[in-house]
Amino acid sequence: MKFKTLKGVQDILPPDISIWQQIEAASRAIFKTYGYQEIRLPIIESTDIFIRSIGETTDIVEKEMYTFQDKGGRSVTLRPEGTASFVRAYVEYHLYNEPPPQKFYYMGPMFRYERPQAGRYRQFYQIGAEAMGVEDPKLDAEIIAMLSKILKSIGLAGLNFEVTSIGCKECRPDYREALKNFLHDKLSGFCNDCQRRFELNPLRILDCKVPDCINLRKGAPSVIAYLCADCKEHFEKLKHYLGMLKVPHTINPNLVRGLDYYTKTAFEVTSESLGAQKAVAAGGRYDGMVDDFGGPPTPGIGFAIGMERIIPLIRDSIGKPETPDLLICPLGQEASEKGLLFAEQLRTRGLWVEANYESTSLKSQMRKANRIGAKNIIVLGEDELKKGEVLVKDMISGTVTKTSLDTGELAKIIRGEK
RNA sequence: GUGAGUGUAGCUCAGUUGGCAGAGCAUCUGACUGUGGCUCAGAGGGUCGCGGGUUCAAGCCCCGUCACUCACCCCA
């Protein structure tokens with residue numbers, strides 16, 4: 001085969017596409033009830049937007065970005081996530097001048113140069129939401145409740161909602177130091193990855209799955225104990241509101257976010273039915289980012305749902321695809337031309353009509369009708385054209401109805417209105 | 001970037017010790033002249049991922065390479 005898709009990217013074909021559309025439609029319906037409006041952002045941005053927001057030393061920026069020079073010599077990058085682009089637009093168009101909270105959602109592809117595996121692709125799709133301008137944890141609770149509602153309306157069940165607070169610029173460095181102090185003496189017992197993490201991102205050691213590491217880190221200080229007064233109060237209120245809104249969740253102080261910009265609230269939704277990449281959605285608060293991007297200090301919170309992560313969870317529960325309302329089976333050259341015209345007229349009445357372009361044997365046309373699941377057929381032969389009458393056959397019940405060659409009458413019969 | 005597994009028909013996969021390239025499904029045709037699903041018969045469809053090596057002979061053994069899959073890392 002000469003041409004094929006690049007590694008880690010995929011075509012989405014029918015019948016899978018109907019799953020995508022259902023997820024998108026369900027999400028839109030929920031977003032609407034919470035007042036979130038769609039925003040469409042470019043998939044390509046100036047590289048420094050991502051370096052600035054995601055963090056220079058993160059894996060995403062260091063080795064996973066699709067970055068290249070355009071013909072004007074500018075460094076540009078295919079977006080690896082949505083929030084940075086969103087905040088850029090938020091500042092660029094002064095969206096902070098709208099009454100807060102300003103609430104937006106987006107759907108689209110993201111790009112990361114990684115080794116593909118189950119649930120991980122180089123081009124992957126996210127449904128994201130961002131809410132700006134409100135610091136109150138009520139908004140945190142509300143957006144998590146909205147996420148829960150979306151996932152539920154898509155038909156997902158048995159998901160784990162994990163919530164934590166990772167502090168702010170004030171208290172996180174203190175915690176980081178305390179954690180490093182605790183780990184320092186035991187470091188030689190940890191796995192190679194953890195030893196590397198110690199300098200790079202010590203918080204991630206708390207998330208390591210190696211049994212020795214799990215043992216060694218017992219008794220390590222918890223983020224939550226180190227939260228400053230402000231962050232602590234925010235987190236306590238969030239837990240209260242989540243309870244009030246009846247969003248089932250667990251507190252996981254070891255939850256780690258891979259992006260530098262998160263502050264305070266961080267959350268993740270996982271499924272045990274997936275492989276190693278089991279996070280179906282994740283998000284958090286980013287109160288410093290608008291400021292960093294040159295806008296007025298503005299708090300923000302958002303999440304992203306991984307499309308490819310939820311599709312395998314619902315693929316089997318999706319209903320049968322739609323099938324044509326009518327297949328026109330012509331016999332002979334003249335009839336097949338008439339069939340083309342007829343199909344066109346019936347379609348303007350909103351019916352899904354298929355017409356055989358070639359007049360093959362009636363038997364093979366019937367077989368085709370059966371194969372494509374046509375709900376009705378009409379045979380268009382010399383007799384019909386001469387008499388101006390056709391028999392409409394209901395392919396499910398097998399009943400046959402005689403009618404004139406009139407598209408209005410035909411449409412009624414096909415719709416079961418007559 | 002690291003490791004393991006898998007590459008044979010459109011799809012899912014058999015293929016014995018090295019001995020003519022196979023099945024099911026799908027497609028088309030016929031049995032059945034203008035009424036489907038069931039059944040039966042037939043047809044089309046192959047660079048056995050690619051390149052080299054061993055051998056009288058390689059889908060099978062050896063070396064290399066590419067792709068896919070899963071996992072590590074990381075993450076939606």
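FYI, side chains are in, hydrogens and waters are out, and symmetry mates aren't considered; it's all heavy atoms of this structure. Numbers restart at 1 for each chain; the letters A, B, ... are given by sequence-line order, proteins then strands.
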Within the modelled atom types, does a donor on one side and an acceptor on the other bring the side chain of Glu384(A) and the base of rG34(B) under 3.5 Å apart?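 Yes, a donor-acceptor pair under 3.5 Å.
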Under 3.5 Å, is there an N or O donor on one side and an acceptor on the other linking the side chain of Arg197(A) and the base of rC74(B)?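 Answer no: no donor N or O sits under 3.5 Å from an acceptor.
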In whole angstroms, how far is the [atom2] atom of [N] from the [atom1] atom of [X]?
X: Asn192(A); N: rC74(B); atom1: CG; atom2: P; value: 12 Å
X: Leu327(A); N: rG34(B); atom1: CG; atom2: P; value: 16 Å
X: Arg196(A); N: rC74(B); atom1: CZ; atom2: C1'; value: 9 Å
X: Leu206(A); N: rC74(B); atom1: CG; atom2: P; value: 13 Å
X: Glu114(A); N: rC70(B); atom1: CD; atom2: P; value: 14 Å
X: Lys368(A); N: rU29(B); atom1: NZ; atom2: C1'; value: 16 Å
X: Leu6(A); N: rA67(B); atom1: CG; atom2: P; value: 11 Å
X: Ile311(A); N: rA76(B); atom1: CD1; atom2: P; value: 18 Å

Rounding to an integer number of angstrom, what distance separates [N] and [M] when you compare their [atom1] atoms?
N: rC11(B); M: rU16(B); atom1: C1'; answer: 26 Å
N: rG59(B); M: rA76(B); atom1: P; answer: 48 Å
N: rG15(B); M: rU54(B); atom1: C1'; answer: 22 Å
N: rC66(B); M: rG45(B); atom1: C1'; answer: 26 Å
N: rG7(B); M: rG51(B); atom1: C1'; answer: 15 Å
N: rU29(B); M: rG36(B); atom1: P; answer: 14 Å
N: rG24(B); M: rU39(B); atom1: P; answer: 13 Å
N: rC62(B); M: rG3(B); atom1: C1'; answer: 23 Å

Sequence neighbours left out, what pairs pass ring pair (Phe, Tyr, Trp, His ring centres under 6.0 Å) with at least one residue falling in residues 339-370 of chain A?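 Every candidate ring pair (Phe, Tyr, Trp, His ring centres under 6.0 Å) pair involving residues 339-370 of chain A fails, so no pair, neighbours aside, qualifies.
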Per-nucleotide protein contact string for nucleotides 36-46 of chain B (B base, S sugar-phosphate only, - none; heavy atom under 4.0 Å): BB---------
Residue pairs involving residues 33-59 of chain A (criterion salt bridge (Lys or Arg N to Asp or Glu O under 4.0 Å); sequence neighbours excluded):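 Sorted result for residues 33-59 of chain A: Arg28(A)-Glu38(A), Glu38(A)-Arg40(A), Glu45(A)-Arg88(A), Asp59(A)-Lys63(A).
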Sequence neighbours excluded - salt bridge (Lys or Arg N to Asp or Glu O under 4.0 Å) pairs with any residue from residues 137-149 of chain A: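 Residue pairs with at least one partner in residues 137-149 of chain A: Asp136(A)-Lys138(A), Asp140(A)-Arg285(A).
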For [Y], does its backbone N or O pair with a side-chain atom of [X] as donor and acceptor, under 3.5 Å?
X: Arg309(A); Y: Ala281(A); value: no
X: His249(A); Y: Gly243(A); value: no
X: Thr47(A); Y: Val76(A); value: yes
X: Tyr262(A); Y: Asp287(A); value: no
X: Gln123(A); Y: Gly8(A); value: no

Distance check: side-chain N/O of Ser364(A) vs OP1/OP2 of rU29(B), anything under 4.0 Å?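 Yes, within the criterion.
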Would you say Gln117(A) reaches rA71(B)'s phosphate, i.e. side-chain N/O to OP1/OP2 under 4.0 Å?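 Answer yes for this pair, as a side-chain N or O of Gln117(A) is under 4.0 Å from OP1 or OP2.
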Reckon [X] touches a base, only the sugar-phosphate, or nothing at all at heavy-atom distances under 4.0 Å?
X: Tyr113(A); value: nothing
X: Gly128(A); value: nothing
X: Ala281(A); value: sugar-phosphate
X: Glu64(A); value: sugar-phosphate

Identify each atom pair where a protein N or O and an N or O of nucleotides 3-13 of chain B are less than 3.5 Å apart, giving names and distance.
from   : atom 1 : to        : atom 2 : distance (Å)
rG3(B) : O6     : Arg115(A) : NH2    : 3.4

Pairwise 5' ranking along RNA chain B for Asp207(A) and Lys7(A), keeping only the more 5' one: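 This one resolves to Lys7(A).
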If you assign Leu391(A) and Ala282(A) each to the RNA chain B nucleotide with the nearest heavy atom, which residue ends up on the more 5' nucleotide?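 It is Leu391(A), whose closest nucleotide lies nearer the 5' terminus.
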Which residues satisfy the salt bridge (Lys or Arg N to Asp or Glu O under 4.0 Å) test with Glu354(A), sequence neighbours excluded?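 Result, salt bridge (Lys or Arg N to Asp or Glu O under 4.0 Å) vs Glu354(A): none returned.
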Which residues pass the salt bridge (Lys or Arg N to Asp or Glu O under 4.0 Å) test with Arg112(A), sequence neighbours left out?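 Expected list: none.
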Restricting to side chain to side chain contact (heavy atoms under 4.5 Å, CB included), what partner residues turn up for Pro100(A), sequence neighbours left out?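 With sequence neighbours excluded, Pro100(A) shows a side chain to side chain contact (heavy atoms under 4.5 Å, CB included) to Gln102(A), Val134(A), given in chain and number order.
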Could you work out, with side chain to side chain contact (heavy atoms under 4.5 Å, CB included) as the rule, every residue matching Lys152(A), not counting sequence neighbours?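 Applying side chain to side chain contact (heavy atoms under 4.5 Å, CB included) to Lys152(A) gives none.
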Among Leu351(A), Leu410(A), Asn376(A), which residue satisfies the side chain to side chain contact (heavy atoms under 4.5 Å, CB included) criterion with Leu326(A)?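 So the option named by the test is Asn376(A).
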What distance separates Leu313(A) CG from Glu272(A) CD, expressed to the nearest 0.5 Å?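 Separation between the atoms: 11.0 Å.
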Output field dot_bracket for RNA chain B (Watson-Crick or G-U, both distances under 3.5 Å, | for other-strand pairs) contains (((((((..((((.....[..)))).(((((.......))))).....(((((..]....))))))))))))....
Which residues pass the ring-ring contact (aromatic ring centres under 6.0 Å, His included) test with Tyr261(A), not counting sequence neighbours?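 Counting only residues at least two positions away or on another chain, Tyr261(A) forms a ring-ring contact (aromatic ring centres under 6.0 Å, His included) with Tyr286(A).
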The side chain of Ile377(A) lies closest to which of these nucleotides: rU35(B), rC70(B), rA76(B)?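 The closest nucleotide is rU35(B).
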Near-strand residues of residues 266-278 of chain A, defined as heavy-atom separation under 4.0 angstrom from RNA chain B: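 Correct list: Gly275(A), Ala276(A), Gln277(A).
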Under 6.0 Å from the ring centre and within 45 degrees of the ring axis: does the NZ or CZ of Arg122(A) meet both conditions for the six-membered ring of Tyr113(A)?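 Output yes; distance and angle both within limits.
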